[in-house]
Protein chains: 2
Amino acid sequence: MNHFSLSDFDRLPLSDRDRLQLNQSFRRRTFKKKIKVLNQGDVCTEIYFVRSGLVKLCYHTLDGKEYIKSFIKEGGMFGSLNSLLNNAGSTFSVIALEDLIVDAVAYATFFNLANKYPEFHAVSLNFFQQLALKKEIREYELLCLSAQQRYEKFRLQEADLMHRIKQSDLASYLGITPVALSRMKNKSNLKIK
Amino acid sequence: MNHFSLSDFDRLPLSDRDRLQLNQSFRRRTFKKKIKVLNQGDVCTEIYFVRSGLVKLCYHTLDGKEYIKSFIKEGGMFGSLNSLLNNAGSTFSVIALEDLIVDAVAYATFFNLANKYPEFHAVSLNFFQQLALKKEIREYELLCLSAQQRYEKFRLQEADLMHRIKQSDLASYLGITPVALSRMKNKSNLKIK
DNA sequence: TCACTTTGTTAACCTCGGTTAATTACTTTC
DNA sequence: GAAAGTAATTAACCGAGGTTAACAAAGTGA
């Protein structure tokens, strides 16, 4: 969940009282690297704004495999759609890949303010629009591109993440094994030489 | 784009004048089977509600391959996010798989009414929420499930579509070739015997 | 600094799905 | 109802990626 950040709220014409309420409803939380921020299956009706650090959102299967949905870094946000919309357990876990600072806010707070301020409603609408668009792009990549093409795209578009994440996590994001990724990288190196 | 239909509007407490305007802004269109309803690359700022029939939303690649994003049947709706949100060309085409009746409405009409009626805003918010959720589920399937598992899931959850679509279109939706799907089907038949 | 753990590389082997092509079965259409 | 087009099946072959395992490299910690 990206394309939307805390600073979006600063632009809203809230009353002093409501702005205070909004600010107070944020709870700052910190997590050490490798700590699980959200556990797959747990209901989580908060939204998290990442101030610094990096997390991975990932599915864990019964046979112990991990598939990475997405990476969220500083400036981004995340939350569980299945919890927010269906009040059900999150379909994925969230794990800190770097020491993490987030601001958490209950989704209910959003709803209350959205009923009061049309501008706020536009913000939340925009958020879900951008999320749907982002998911659609990921769907396209998984459906139409080969692992090799997904790798090249990630390398170009997420250059800064390339040296912040483990190669095995990148492989899991691309939908292949670490062995396959290592193999692939060196094959394309040969072509360059 | 599903989980949202024309009947949602009937429940809205619009004024007589606005309801008339809303009803008048719908344009009924019909398409024969096999006709392209929307061409990949064209800007399309309308939303389509499917009254009867069936369409496929699909990506076409430069080398002539087709990948099916989703099927939309009567009661469902579709539109191009990239056109609605970015005023850019649609990333996919829409093709009628059966004779089709749709009601088309300009997305701008939505925006205008949403600014006027909070209830309307909730409808559009809900729409994008459900769309994001749907895309997330598809992402999960493509990332975590094998072709075989995706086939079984489709067979159970979209039973009515199984005999309305060509096997080659199902294969394209699952992300494999028609040959692979035929092979897979018969392999699992053997197991049943 | 030396042991220990984690991560990445490489090789051998295997499976699944892609490609091509021939064959059969079904639809259209005239 | 015959001809032409469209779908599905099957087989042979190939390549990408999975699996396992052994090894190397790089962190991490007492």
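Just the heavy atoms: all of them, side chains too, but no hydrogens, waters or symmetry mates, feed the values below.
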Separation of atom CG in D169(A) from atom C1' in dT6(C), rounded to whole Å
12 Å

Determine which pairs satisfy side-chain hydrogen bond (donor to acceptor under 3.5 Å, both in side chains) with at least one residue from residues 85-95 of chain A, sequence neighbours left out, and list them in order.
N82(A)-N86(A)

Estimate the overall bend of the helix from dT1(C)-dA30(D) to dC30(C)-dG1(D) from the end axes over five pairs each, rounded to 10 degrees.
50°

Check the distance between dT5(C)'s P and K33(A)'s NZ and give it to me in whole angstrom.
18 Å

Check this for me, if you would: do K153(A) and E141(A) make a salt bridge, where the nitrogen-to-carboxylate-oxygen distance has to be below 4.0 angstrom?
yes

Is there a side-chain contact (heavy atoms from CB on, under 4.5 Å) between I165(A) and F154(A)? Walk through the geometry before answering.
CA-CA 12 Å; I165(A) 64 179; F154(A) 189 91; 3.9 Å; yes

By nearest-heavy-atom nucleotide on DNA chain D, the more 5' of K166(B) and A180(B) is K166(B)

Would you indicate what S168(B) reaches in the nucleic acid, counting non-hydrogen atoms under 4.0 angstrom: base, sugar-phosphate, or nothing?
sugar-phosphate

Give a yes or no on whether a donor-acceptor pair under 3.5 Å exists between the nucleobase atoms of dG8(C), that is its base, and the side chain of R183(A).
no

Of the listed nucleotides (dT10(D), dG17(D), dT19(C)), which one gets closest to any side-chain atom of A147(A)?
dG17(D)

Between K73(A) and E98(A), does any side-chain N to carboxylate O distance fall below 4.0 Å?
no

Distance, rounded to the nearest Å, where N186(A) contributes CG and dG17(D) contributes P:
14 Å

Side-chain N,O (T177(A)) to OP1/OP2 (dG18(D)) below 4.0 Å:
yes

Would you say dT9(D) has OP1 or OP2 under 4.0 Å from some side-chain N or O of K185(B)?
yes

Whole-Å distance separating the CG atom of D63(A) from the P atom of dT19(D):
9 Å

For a quick check of understanding: with a heavy-atom distance under 4.0 Å over all strands, which category does K34(B) fall into, base, sugar-phosphate or nothing?
nothing

Output, in order, the C-alpha distance, side-chain angles, deciding distance and verdict of side-chain contact (heavy atoms from CB on, under 4.5 Å) for M162(A) and L170(A).
CA-CA 8 Å; M162(A) 282 296 286; L170(A) 174 55; 4.0 Å; yes

What is the distance from CE of M162(A) to C1' of dG8(C), rounded to the nearest Å?
14 Å

Between L181(B) (CG) and dT10(D) (P), how many Å, whole number?
12 Å

Could you state the NZ-P distance from K65(A) to dG17(D), rounded to the nearest angstrom?
16 Å

Respond yes when some side-chain nitrogen or oxygen of Q167(B) is under 4.0 Å from OP1 or OP2 of dT9(D), and no when none is.
yes

Is there a donor-acceptor contact under 3.5 Å linking the side chains of E46(A) and Y48(A)?
yes

I need the single residue from K69(B), R138(B), K135(B) that forms a side-chain hydrogen bond (donor to acceptor under 3.5 Å, both in side chains) with E136(A). Which is it?
K69(B)

Can you identify which nucleotide, out of dG18(D), dT10(C), dG17(C), has its nearest atom closest to the V179(A) side chain?
dT10(C)

Separation of atom CE in M184(A) from atom C1' in dG8(C), rounded to whole Å
14 Å

